[in-house]
Amino acid sequence: MTQKQKIRLNWEDPVTGQRREPLLSPPISLGRLFGAMPDTLDDRRVSRVVLDNDDRVSRYHALIDFQQNNWVIFDRNTGNGTFVNGIRRDYWVLTSGDVLQIGDRAITVTFTLESSPNSAIPFHPETGLPDPHAVLTPSPHSFPPVEFRQSEFVSPEFLQQSGIFDPQTDRFDYAAIGAGLGSYIWVDFLRIFGVRSQQIVALGTQPQPYAKYKQLCLNSQIPLHERLRSNSDSCPDNIWGWPSYALREAWHDLGRGKLANALRYLWQVFAEPTFAETYTPRAGNVFASIDREAARIGWSQMYRYGSVRAIRKTQDGKYAIAYSRGKGNYGYIVAKYLHLATGYPAIRFLPHLQIYREQTRDLTLVVNAYEPHDHIYQHLGFQGGTVLIQGRGIVASRIIQRLFEVRQQTGKPVKIVHLMRSPLQGGRQFGRSRRPVKHHWEFQPFNWPKACWGGDLREILERANPQTRLNLLKSWGGTTTADRRDWQQLTELGLRQGWYDIQFGTVQKVERVGPKLQVVIPSHALEVDFIIDATGLDAEVKASPLLEDLVTRYQLPLLENGRLAVSNEFELVEMRSTVPGESPGRMYAAGTITLGGPYAAVDSFLGLQYAALRSIDALTVAQSPQLHYLNGFSSLQQWYNWAIGRSP
Amino acid sequence: MTPTLLGRWQTRILLLTLVGFPITLPFTIGAIGPGASPIFGLTLLYVILFGLLWDVVYDFLQQFRWDRDWPGALQLLAGMGEAVFLGAIAKSIPLPGLLTEDLSLRWFAIHYTCVWLGVYVASQSLTRILFPRWRFRGGKWLG
Ligand SMILES: Cc1cc2nc3c(=O)[nH]c(=O)nc-3n(C[C@H](O)[C@H](O)[C@H](O)COP(=O)(O)OP(=O)(O)OC[C@H]3O[C@@H](n4cnc5c(N)ncnc54)[C@H](O)[C@@H]3O)c2cc1C
């Protein structure tokens with residue numbers, strides 16, 4: 001789909017006081033007399049903008065054109081000149097948000113595309129990277145063909161005749177869609193429960209299961225040596241959670257003579273969170289452990305590159321998966337048991353920031369914490385500046401830490417304005433307990449109270465009805481950050497030294513004023529250089545074309561929060577693919593797309609393990625091929641294989 | 001681990017039986033301690049018995065914690081509390097089978113410490129390996 005460039009000019013008429021904001025295609029002429037401006041230029045129709053009642057504007061004053069991917073303005077050798085951001089220019093490459101001064105009029109230019117741009121940034125379907133320009137709507141001629149799309153049950157003949165399905169190589173018992181961390185954990189369990197790697201396929205766009213997760217970590221300023229917000233025994237590479245990351249790190253450090261470190265980790269896991277700060281593993285260690293386990297279970301043999309377009313039940317009680325192999329090649333895969341773990345479909349922006357980005361197409365001054373934004377830290381390292389942060393979760397903490405580091409390392413005046421919607425006095429209350437609050441930040445070690453993973457809160461939630469579940473999640477979740485001493489010291493230091501400032505209010509408008517951003521909140525206006533939105537990722541099903549299609553085709557029930565409704569075993573029950581005389585095909589889901597269901601911590605390593613365990617236990621009960629219940633001695637044996645690095 | 005009440009009971013019975021009694025054996029036959037005596041096995045039975053009541057108290061206290069968890073440090077404090085309580089009771093009221101004069105507080109403490117350590121280490125390692133669902137079910141390993 002080609003998109004046509006357009007530019008919006010925006011000014012207030014000096015005589016009438018009216019605001020004018022025409023949206024125009026290039027070329028565009030500006031002048032006092034309509035007749036003095038050309039109507040065509042190189043066979044293109046000229047958009048003529050009349051700036052009358054001002055003698056300082058020439059009859060044909062300036063021309064704006066889109067050349068070699070840039071918007072440029074030419075002054076037509078006028079006596080009074082054309083000013084861009086206050087400086088006289090004969091010729092200038094424009095940036096969205098620039099202000100032109102022609103005579104009396106200050107004209108703000110903003111770039112837009114003809115088609116209305118997406119309000120959230122989707123992850124590109126082929127690469128999995130965040131891409132503001134990704135096009136998600138399939139064209140009517142694209143793959144899979146209409147016959148596939150419109151059917152509820154695909155026939156085996158259709159697949160045979162498609163020419164891109166080979167029953168020898170494209171048929172599996174188990175298929176994991178996404179090939180991210182959720183898929184990896186499910187596949188790991190399948191292998192440990194006895195399934196051979198030839199019977200499993202993991203379809204996704206990046207070969208390393210943590211590729212997308214790692215990218216989101218790096219973007220949100222968690223480098224490899226930094227610690228995640230994750231429990232010591234939340235080990236994606238190890239179903240038993242033993243040895244935990246704290247034990248492994250203690251052992252490693254002990255081997256290098258760092259006894260004090262080793263003892264500290266052990267003390268932390270013994271006493272956290274009451275008498276010690278909660279232990280969390282380093283990102284790099286977690287990735288390394290995932291690599292090791294991936295090699296052990298033969299992940300690379302099971303992984304197949306593929307961007308999944310659509311899934312349908314088949315007439316013989318299975319599922320057909322239509323996927324793109326890239327470069328215009330497509331294929332089908334058939335499997336009996338499916339697992340959906342597609343993660344976050346998009347990066348979400350606060351509404352006022354969406355509006356700003358849509359209107360200006362400026363993707364550099366207003367960013368989301370989850371998209372790459374290193375240019376901001378570089379810029380600040382050169383000349384300092386002020387950053388406005390929104391959101392008070394863990395990501396905001398990281399960003400502040402990073403900004404502080406830039407400040408320390410370069411000595412430049414980096415200031416932070418932390419804009420919060422409203423002050424926080426007391427923390428959330430549930431039953432007899434209350435969450436602590438300091439400086440308007442709410443604290444807890446992880447994103448849910450610990451008992452959500454395996455304690456009484458897990459049981460309470462599983463028993464509750466759908467409406468109560470959402471209410472319970474509201475009281476346990478919300479935006480919180482980790483109770484880390486170093487971060488609290490930073491907050492206090494910043495407040496004392498004046499480079500960290502907390503303000504309250506809702507943003508009414510964001511505008512480009514010269515090189516700066518003006519942020520209007522009810523009480524006043526703030527002038528900042530950058531805005532970082534640290535409020536979150538989008539996980540609504542409708543943001544994912546694959547899930548949206550599935551929901552529409554099979555009329556799947558959605559929860560009030562827009563996520564998929566799953567059973568306590570994480571099954572999409574409506575998706576059973578039944579056929580007489582055989583056990584039905586089943587489809588499961590995991591991760592953030594199931595939030596609001598039987599389990600709170602679905603989007604966490606341990607939560608993904610819980611979901612995998614529940615679904616595979618259910619499959620074992622249903623006597624699915626090759627699965628053997630894992631417990632007691634068989635579990636010990638499998639753990640031993642893990643410990644010595646032998647294939648399961 | 002964030003135990004539930006049922007999980008506490010099941011884990012207590014499992015570990016004190018499977019780990020506690022083997023540790024008690026050398027004391028019972030006199031390989032360790034003041035000499036062969038059934039008293040160590042009996043105190044262990046009382047630890048289980050009183051413990052089932054203690055667990056109700058801990059479960060109640062847990063409701064005051066935001067995370068509703070029960071870290072190792074609290075397990076240690078609770079274990080010390082239980083020991084002091086049991087020692088004091090055994091010395092003041094004659095518990096069936098447990099003769100006050102037979103009980104050496106010093107050896108009671110040594111035996112109790114060994115059992116506590118053994119149970120703690122097992123709960124952190126072997127239990128997780130043998131029962132992969134244990135930690136997701138608040139300590140329940142049955143059913
Ligand atoms: C910054 C950050 C930090 C986090 N830190 C922690 C932590 O410390 N501890 C913790 O327990 N949890 C953490 N989480 C939460 C959670 O564990 C991770 O988000 C985890 O990656 C979720 O796994 P997933 O499989 O659901 O999604 P992902 O790992 O994102 O995998 C989904 C995959 O599906 C692919 N996909 C989507 N649609 C399609 C399609 N149509 N066809 C093919 N492929 C598709 C995507 O490209 C992606 O690779 C963190 C999350 C974030 C964002």
Side-chain angles (χ1 to χ4, degrees), chain A residues 189 192 233 238-244 247 266-267 269-276 278 427-436 443-446 448-460 476 599 606-607 609-610 613-614 617 630-636 638-640 642-643, chain B residues 1-11 14-15 17-19 55-81 116-117 119-143:
Chain A
F189 286 17
I192 291 173
D233 54 15
N238 178 302
I239 169 173
W240 305 273
W242 200 86
S244 67
L247 278 184
L266 295 179
W267 165 246
V269 282
F270 183 70
E272 70 186 26
T274 309
F275 306 107
T278 299
R428 211 64 72 87
Q429 176 133 24
F430 180 73
R432 299 188 166 92
S433 60
R434 186 186 272 282
R435 205 153 61 186
F443 295 104
Q444 69 189 6
F446 306 111
W448 300 98
K450 263 179 157 174
C452 287
W453 274 269
D456 62 344
L457 300 185
R458 182 194 73 79
E459 292 183 351
I460 292 172
W476 301 337
Y599 197 71
L606 201 57
Q609 290 188 316
Y610 174 79
L613 203 53
R614 288 301 295 258
D617 278 349
L630 185 86
N631 210 25
F633 185 69
S634 60
S635 181
L636 179 66
Q638 284 299 335
W639 180 82
Y640 179 71
W642 178 89
Chain B
M1 233 286 281
T2 48
T4 60
L5 183 56
L6 223 58
R8 280 180 180 280
W9 283 341
Q10 290 192 8
T11 302
L14 174 84
L15 291 181
T17 312
L18 289 191
V19 180
D55 282 340
V56 178
V57 177
Y58 304 149
D59 188 67
F60 174 73
L61 291 178
Q62 230 173 307
Q63 316 296 312
F64 292 89
R65 300 172 56 75
W66 174 260
D67 276 299
R68 300 215 180 192
D69 59 339
W70 200 252
L74 290 186
Q75 289 179 45
L76 178 64
L77 289 177
M80 293 185 334
W116 189 89
L117 279 176
V119 165
Y120 180 74
V121 169
S123 76
Q124 293 299 310
S125 53
L126 204 60
T127 318
R128 289 158 189 258
I129 291 171
L130 291 174
F131 305 105
R133 293 161 197 81
W134 176 80
R135 60 182 178 144
F136 295 112
R137 307 178 62 216
K140 281 193 287 182
W141 54 275
L142 270 174

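Quick note on labels: first sequence line is chain A, next is B, and so on, each numbered from 1.
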* Asked: At what distance, to the nearest 0.5 angstrom, does OG1 of A/T278 lie from CG of B/D67?
  -> 7.5 Å
* Structure fact -> Interatomic distance, CH2@B/W134 vs CG@A/N631, rounded to 0.5 Å, equals 13.5 Å
Among [options], which residue forms the greatest number of heavy-atom pairs with chain B at distances under 4.5 Å?
{"options": "A/V269, A/L247, A/D233", "answer": "A/D233"}
{"options": "A/E272, A/Q638, A/R432", "answer": "A/R432"}
{"options": "A/G431, A/G241, A/P243", "answer": "A/G241"}

For [X] against [Y], the heavy-atom pair lying closest together:
{"X": "A/A451", "Y": "B/T2", "value": "CA-OG1, 3.8 Å"}
{"X": "A/E459", "Y": "B/R137", "value": "OE2-O, 4.5 Å"}
{"X": "B/W66", "Y": "A/Q444", "value": "NE1-OE1, 2.6 Å"}
{"X": "A/P273", "Y": "B/P71", "value": "CD-CG, 4.5 Å"}
{"X": "A/W453", "Y": "B/F136", "value": "O-CD2, 3.9 Å"}
{"X": "B/R133", "Y": "A/L630", "value": "NH1-O, 2.8 Å"}

Side chain, backbone, both or neither: which part of [X] has an atom under 4.5 Å from a heavy atom of chain B?
{"X": "A/R428", "result": "both"}
{"X": "A/Q429", "result": "backbone"}
{"X": "A/L606", "result": "both"}
{"X": "A/N238", "result": "backbone"}
{"X": "A/W267", "result": "neither"}
{"X": "A/L457", "result": "side chain"}
{"X": "A/F270", "result": "both"}

* If we only count heavy atoms from C-beta on, is the A/R458 to B/T4 side-chain gap below 4.5 Å? -> no
* Asked: Does a side-chain heavy-atom distance below 4.5 Å link B/R135 with A/W242?
  -> no
* Structure fact -> From the list B/G7, B/P3, B/A73, the residue making the most non-hydrogen contacts under 4.5 Å with chain A is B/A73
* To do: Decide if atom OH of A/Y640 counts as having more than 12 heavy atoms of other residues, nucleotides or ligands within a radius under 6.0 Å.
  => no
* Any residues in residues 123-131 of chain B near chain A, with a heavy-atom distance under 4.5 Å, and which are they? -> B/Q124, B/S125, B/R128, B/I129, B/L130, B/F131
* Structure fact -> Residues at least two apart in sequence or cross-chain that pass salt bridge (charged side-chain N to carboxylate O under 4.0 Å, His left out) with B/D69, listed by chain then number, are A/K450, B/R65
* Asked: Side chain, backbone, both or neither: which part of B/L61 has a heavy atom under 4.5 Å from chain A?
  -> neither
* Asked: Please walk me through it: do B/R68 and A/F430 pass side chain to side chain contact (heavy atoms under 4.5 Å, CB included)?
  -> CA-CA 11 Å; B/R68 300 215 180 192; A/F430 180 73; 3.3 Å; yes
